[in-house]
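Taking it in order: structure first as structure tokens, then the write-up.
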Amino acid sequence: MKIELLKCHGSNNDFVLIDDLQHTYQFSEEDRVSIAKTLCDREGLVGGDGILFVEQTEVADARMRMFNPDGSEAEMCGNGLRCVARYASEQFNKTQLVIETKEANLTVEQKGDIFENIPSFEVAIEPVSLEPASLPLKTDEEEHIDQNIPALSEDLKFSAVSVPNPHLIAMVDQVDDEQLSAIGKEANGNKTLLPNGVNVSFVQNLGDQKVFVRTYERGVGLTNACGTAMSASSLNTVLLNYNQPDEEIFVFNRGGFVICVVHVEDGEYRIKLRGNATYEYKTTVRLTENKVEELTERETFETEAKAYEALQAYASQEIERYQ
Ligand SMILES: N[C@@H](CCC[C@H](N)C(=O)O)C(=O)O
């Protein structure tokens with residue numbers, strides 16, 4: 001199988017974008033799973049936190065399907081959607097588009113750069129639900145906000161949110177990666193409690209509408225950043241009165257930062273996520289027997305990489321101030 005790919009990232013949550021708008025690859029569902037496992041393998045030539053298939057659709061400008069490195073398909077991907085937004089906006093020469101995702105058609109828009117020379121996109125993160133059944137999280141409660149889940153931790157309190165992929169979020173004083181990994185693995189292994197698995201985030205409140213978020217992603221493990229997790233975490237900080245609705249929340253992560261705004265209207269929540277959509281390189285590969293062979297020299301985006309280094313340096317400095 002010969003595939004042209006674009007390697008890109010949102011907050012250094014990195015993806016392999018495959019354009020099925022221009023091409024007609026006609027991948028089977030099995031192909032998609034095998035492409036995800038093979039191309040995302042960090043030991044292989046490409047590596048990534050997921051695959052973004054950009055496809056034709058009748059109901060929106062384009063359709064995004066997102067597969068995790070373990071081959072599972074996610075309902076949504078916030079950082080990935082920004083990359084797809086940029087790619088589709090360039091294809092259609094439009095700054096505002098609608099992208100079909102697994103559960104919703106979402107508005108995406110090119111917005112002012114979040115940092116010098118960083119092409120930035122804002123995407124809608126919807127539908128949002130606090131109903132445990134929407135994750136699903138097995139419980140009799142109507143909502144599970146800032147409460148213990150003894151099967152996962154004696155002392156941490158979690159909020160269950162779907163956006164619409166499933167998230168558990170805990171506020172912490174300091175992020176402990178080992179503890180987060182252990183809880184993430186446990187939560188994803190406990191199919192009685194969480195039949196579809198879950199993304200688990202630790203959130204450190206930094207004050208002044210700023211937070212730091214670290215996530216153990218379902219189907220991946222610890223990543224530099226997770227867009228839907230940062231959106232769900234921002235909502236959690238509004239629900240718990242750490243941050244204000246309708247105002248920008250700066251969300252720092254291991255790979256940079258994004259800006260989230262949480263809107264609350266008649267008990268309904270809408271979240272906007274704004275951040276970078278950075279291209280790394282383009283190449284063509286051939287996949288054979290779970291092996292990747294590169295057929296062309298990589299076309300790299302050096303200027304973008306340089307600009308992003310400055311953003312990353314700023315974000316790292318900010319994070320260090322609070323460690
Ligand atoms: N990194 C993504 C989320 C990708 C899907 C997630 N691992 C899941 O299975 O729900 C993001 O930026 O939102």
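When reading the values below, keep in mind they use all heavy atoms of this one structure, side chains included, and skip hydrogens, waters and symmetry mates. Note that this is a predicted model, so its numbers are computed, not measured. Numbering of ligands and ligand atoms starts at 1, following listing order. Throughout, residue positions are numbered sequentially from 1 according to the sequence presented.
Residue Glu126 comes nearest to Ala104 through the heavy atom pair O-CB, 3.8 Å, listed as atom of the first residue, atom of the second, then distance.
Of the listed residues (Phe15, Tyr308, Phe301), just one forms a ring-ring contact (aromatic ring centres under 6.0 Å, His included) with His9, and that residue is Tyr308.
Residue-level contacts of ligand 1 at the 4.0 Å heavy-atom threshold are Asn13, Met66, Asn68, Ala74, Met76, Cys77, Gly78, Asn79, Asn165, Asn199, Glu217, Arg218, Cys226, Gly227, Thr228.
Judged as a side-chain hydrogen bond (donor to acceptor under 3.5 Å, both in side chains), the pairs with a partner in residues 218-236 (not counting sequence neighbours) are, in order, Glu75-Arg218, Ser159-Asn236, Asn165-Thr228, His167-Thr228, Glu217-Thr223. Screening residues 194-208 for side-chain hydrogen bond (donor to acceptor under 3.5 Å, both in side chains), with sequence neighbours left out, gives Ser201-Thr215.
Using modelled atom types, one finds a donor on one side chain and an acceptor on the other under 3.5 Å when comparing Glu302 with Thr300.
With sequence neighbours excluded, no residue satisfies salt bridge (charged side-chain N to carboxylate O under 4.0 Å, His left out) with Lys37.
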